[in-house]
Amino acid sequence: MEKRIKAYRRYMDELLERLEGQEERNGAQIEEWKKEHLVQIGFFQHERLIHLIVTAVFALLEIFSMLLAVISQGIFSLLLTVAVLILLVPYIRHYYILENEVQKMYGQYDRLCRLS
């Protein structure tokens with residue numbers, strides 16, 4: 001998903017630069033790009049929501065496993081805490097990327113609106 005969202009954002013950046021450099025613009029074509037961009041934003045927003053839920057669940061699991069490790073002081077609880085943390089870090093990174101890329105896509109949509 002990371003490659004797809006970054007590739008799409010780069011494509012839109014190139015398209016916007018090309019459009020902003022033109023004197024004459026096709027208003028109907030810009031409206032089509034706006035609609036398509038809103039569809040893509042919707043897809044990525046859905047992905048972002050799912051990853052927010054998964055990340056929050058893993059964060060809660062980490063907190064509970066830390067509490068279990070403190071209370072029980074067993075090797076299993078410590079291993080569980082480390083395992084959940086190892087899974088949590090990539091989820092946080094992925095959510096961070098999704099969040100930032102979608103925010104940039106909002107800016108692209110604003111630029112498209114100014115062109116029409």
Side-chain angles (χ1 to χ4, degrees):
M1 181 57 67
E2 180 180 342
K3 287 180 185 177
R4 183 174 184 272
I5 194 169
K6 286 184 176 183
Y8 180 75
R9 190 183 50 80
R10 278 192 301 270
Y11 162 75
M12 282 304 295
D13 280 338
E14 291 168 4
L15 176 69
L16 285 164
E17 286 176 19
R18 203 170 60 237
L19 285 172
E20 288 170 342
Q22 291 177 352
E23 295 289 323
E24 303 263 336
R25 297 183 187 108
N26 183 346
Q29 183 64 50
I30 291 174
E31 289 302 316
E32 286 299 314
W33 281 321
K34 282 170 54 176
K35 288 178 188 175
E36 174 61 27
H37 197 53
L38 283 177
V39 168
Q40 293 298 321
I41 287 173
F43 289 152
F44 293 125
Q45 283 177 330
H46 177 71
E47 183 78 14
R48 185 178 67 171
L49 175 63
I50 297 303
H51 280 280
L52 173 63
I53 293 167
V54 170
T55 302
V57 167
F58 269 90
L60 287 172
L61 283 173
E62 179 64 18
I63 290 169
F64 290 139
S65 66
M66 290 172 96
L67 288 172
L68 179 66
V70 168
I71 293 170
S72 73
Q73 297 178 351
I75 189 74
F76 173 74
S77 359
L78 184 60
L79 290 175
L80 179 64
T81 301
V82 171
V84 174
L85 182 62
I86 288 171
L87 291 172
L88 180 61
V89 170
Y91 277 119
I92 291 172
R93 179 190 171 276
H94 188 67
Y95 180 74
Y96 176 81
I97 289 167
L98 284 171
E99 179 68 30
N100 286 327
E101 293 298 317
V102 169
Q103 293 295 323
K104 291 173 187 174
M105 290 171 74
Y106 293 155
Q108 290 174 330
Y109 181 76
D110 291 341
R111 286 170 64 190
L112 270 174
C113 288
R114 284 192 297 268
L115 290 173
S116 58

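Cluster membership for I63 and L87, using ILVMFWY side-chain heavy atoms within less than 4.5 angstrom, is not shared. L80 and L61 fall within a single hydrophobic cluster, where Ile, Leu, Val, Met, Phe, Trp and Tyr are joined by side-chain heavy atoms under 4.5 Å apart, directly or via other members. Hydrophobic clustering of Ile, Leu, Val, Met, Phe, Trp and Tyr side chains at less than 4.5 Å, counting indirect connections, unites V102 with Y11. L60 and V82 are assigned to two separate hydrophobic clusters, defined by single-linkage of ILVMFWY side chains at heavy-atom distances under 4.5 Å. In terms of hydrophobic clustering, with Ile, Leu, Val, Met, Phe, Trp and Tyr side chains grouped at heavy-atom distances under 4.5 Å, V57 and L67 are assigned to different clusters.
For the atom pair CZ (F44) and CG (L49), the distance works out to 15.0 Å, reported to the nearest 0.5 Å. Atom CG in L98 sits 11.5 Å away from atom CD in Q45 (nearest 0.5 Å). Remark: T81 OG1 to M66 CE distance equals 7.0 Å, nearest 0.5 Å. Q22 contributes atom CD, which lies 10.5 Å from atom CD of E20 (distance to the nearest 0.5 angstrom). The CD atom of E36 sits 10.5 Å away from atom CD1 of I41, with the distance rounded to the nearest 0.5 Å.
A donor-acceptor pair is defined here as one N or O able to donate and one able to accept, closer than 3.5 Å; no such pair exists between the side chain of S77 and the backbone of Q73.
The neighbour count for Y96 OH, taken as heavy atoms of other residues, nucleotides or ligands under 6.0 Å away, does not exceed 12.
Nearest heavy atoms, L88 versus A59: CD1-N, 3.7 Å. Here the closest heavy-atom approach between residue L78 and residue A69 is recorded as N-CB, 4.3 Å. Of all heavy-atom pairs spanning F58 and V84, the tightest one is O-CG1, 3.6 Å.
For the 3.5 Å distance criterion, the side chains of Y109 and Q40 fail to qualify, holding no donor opposite an acceptor.
For the pair V89/R93, no side-chain contact is recorded, criterion being any heavy-atom separation below 4.5 Å from C-beta on. Within the 4.5 Å cutoff, no side-chain heavy atoms of M1 are placed close to those of F43. Contact check for L16 versus L115: side-chain heavy atoms found under the 4.5 Å cut-off. Within the 4.5 Å cutoff, no side-chain heavy atoms of M12 are placed close to those of M105.
For the side chain to side chain contact (heavy atoms under 4.5 Å, CB included) with I5, the qualifying choice from E101, R10, R48, K104 is E101, the only one to do so.
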Practice item. Verify side chain to side chain contact (heavy atoms under 4.5 Å, CB included) between I30 and K34, making sure each step is shown before the conclusion. Key: CA-CA 6 Å; I30 291 174; K34 282 170 54 176; 4.2 Å; yes
Exercise for review: Please lay out, stage by stage, how Q108 and W33 fare under the test side chain to side chain contact (heavy atoms under 4.5 Å, CB included).
Suggested key: CA-CA 11 Å; Q108 290 174 330; W33 281 321; over 6 Å; no
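Under 4.0 Å is where a charged nitrogen must lie from a carboxylate oxygen, and between D13 and K6 no such pair does.
The aromatic rings of Y8 and H37 lie parallel to each other, with less than 30° between the two planes, well short of the 60° mark.
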